[in-house]
Amino acid sequence: MRIIAGKYRSRLIRSPRAEDVRPTKDRIRESLFNIITEYISGAEVLDIFAGSGAFGIEAISRGAASAVFIDNEKACIAIIEENLKSLGIEADKASVLRMDAFKAIDKLCNEGKKFDIILLDPPYYKDIAKKCLIKLGERDILKPRCIIVVEHHKKDILPAETGNLTSYRTAPYGDIWLTFYRDVPRGATLPTSCHEHDD
């Protein structure tokens, strides 16, 4: 797997071999970052179900201030730490938590952490993406312009709204979809330019 753009462009990173780890295809990752490119510079990023750490590392490569990587699998944590080390990413730019995603969200909230971009790549078909969105909507870890991006199978139906989170864009790539959310206070509306759907 390679880093697509930025400081570490074309550098290779390792991916876990676990059966339930599903590396995101380069073209989908590239499309995701092209869509959110204006929000990356200086962003605090949260990479949940991080796997190889490719999402968070790509964000750092493109100018994000830092990334927190969450995964519950020992093998994934080892690979993330190896990838960070091999690229020479400074310790103050990346932290890695081996925890259940929901407990990690609680921990970060209790520590007062807030994020500009949250990337979710949970297992398919288990309703985990929806549950994570609900959890994120309940906990105070979102900065005012926070964007949440969920990679999911098209058969995993996500809510248009949950709490203050509202989906504003869907980008399908065959069976794999990216759905984008923003935190919109009750009574407020998204700017017209945010109501998008990629066919």
Side-chain angles (χ1 to χ4, degrees), residues 1-99 101 104 108 113-124 129 132 143 145-153 169-181 198:
M1 185 182 299
R2 67 185 178 90
I3 304 302
I4 296 165
K7 181 178 180 179
Y8 306 110
R9 181 178 180 177
S10 297
R11 295 281 298 275
L12 296 176
I13 60 174
R14 291 187 59 199
S15 181
R17 295 181 180 275
E19 291 183 2
D20 56 349
V21 175
R22 184 192 62 254
T24 299
K25 292 181 179 178
D26 284 356
R27 72 182 185 90
I28 298 178
R29 188 157 35 98
E30 183 173 15
S31 295
L32 186 163
F33 280 95
N34 286 343
I35 291 169
I36 66 172
T37 187
E38 66 182 289
Y39 304 99
I40 296 172
S41 180
E44 305 285 345
V45 176
L46 179 58
D47 187 354
I48 306 178
F49 305 100
S52 66
F55 277 155
I57 291 172
E58 185 78 38
I60 292 173
S61 180
R62 293 173 183 243
S66 66
V68 176
F69 301 85
I70 297 171
D71 206 288
N72 203 30
E73 296 293 331
K74 182 179 179 180
C76 292
I77 294 298
I79 289 290
I80 294 168
E81 291 176 342
E82 179 181 333
N83 286 335
L84 294 170
K85 183 177 180 180
S86 71
L87 293 171
I89 295 176
E90 301 89 341
D92 63 344
K93 283 186 168 287
S95 58
V96 185
L97 299 177
R98 185 187 175 191
M99 293 183 71
L108 293 168
K113 305 289 187 183
K114 292 180 182 283
F115 298 92
D116 300 287
I117 299 171
I118 298 176
L119 305 167
L120 282 171
D121 186 12
Y124 297 160
C132 261
K143 289 189 179 181
R145 297 180 70 212
C146 181
I147 291 174
I148 299 172
V149 187
V150 186
E151 179 183 329
H152 61 104
H153 194 275
R169 181 170 187 160
T170 300
Y173 302 91
D175 289 341
I176 307 306
W177 289 13
L178 299 175
T179 299
F180 298 75
Y181 287 82
D198 289 0

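For the numbers below, each heavy atom of this structure counts, side chains included, while hydrogens, waters and symmetry mates do not. Numbers here simply count residues along the sequence, with the first being 1.
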Given side chains that start at C-beta, do those of [X] and [Y] come closer than 4.5 Å, heavy atoms only?
{"X": "I148", "Y": "L120", "value": "yes"}
{"X": "S52", "Y": "M1", "value": "yes"}
{"X": "E151", "Y": "Y124", "value": "yes"}
{"X": "S95", "Y": "F69", "value": "no"}
{"X": "L46", "Y": "L108", "value": "yes"}
{"X": "I4", "Y": "F33", "value": "no"}
{"X": "L178", "Y": "T170", "value": "no"}
{"X": "I147", "Y": "V149", "value": "yes"}

Backbone N or O of [Y] within a donor-acceptor pair of the [X] side chain at under 3.5 Å?
{"X": "D71", "Y": "G51", "value": "yes"}
{"X": "N83", "Y": "R14", "value": "yes"}
{"X": "S61", "Y": "I57", "value": "no"}
{"X": "D116", "Y": "A43", "value": "no"}

Show the nearest heavy-atom pair for residues [X] and [Y], with the distance to one decimal.
{"X": "R2", "Y": "E58", "value": "O-OE1, 4.5 Å"}
{"X": "I3", "Y": "R29", "value": "CA-NH1, 4.3 Å"}
{"X": "Y173", "Y": "S31", "value": "OH-CB, 2.9 Å"}

* For K85, does the NZ atom sit with more than 12 other heavy atoms under 6.0 Å from it, leaving out its own atoms? -> no
* Asked: Does a sphere of radius 6.0 Å around NZ in K74 hold more than 12 heavy atoms from other residues, nucleotides or ligands, not counting ones at 6.0 Å or beyond?
  -> no
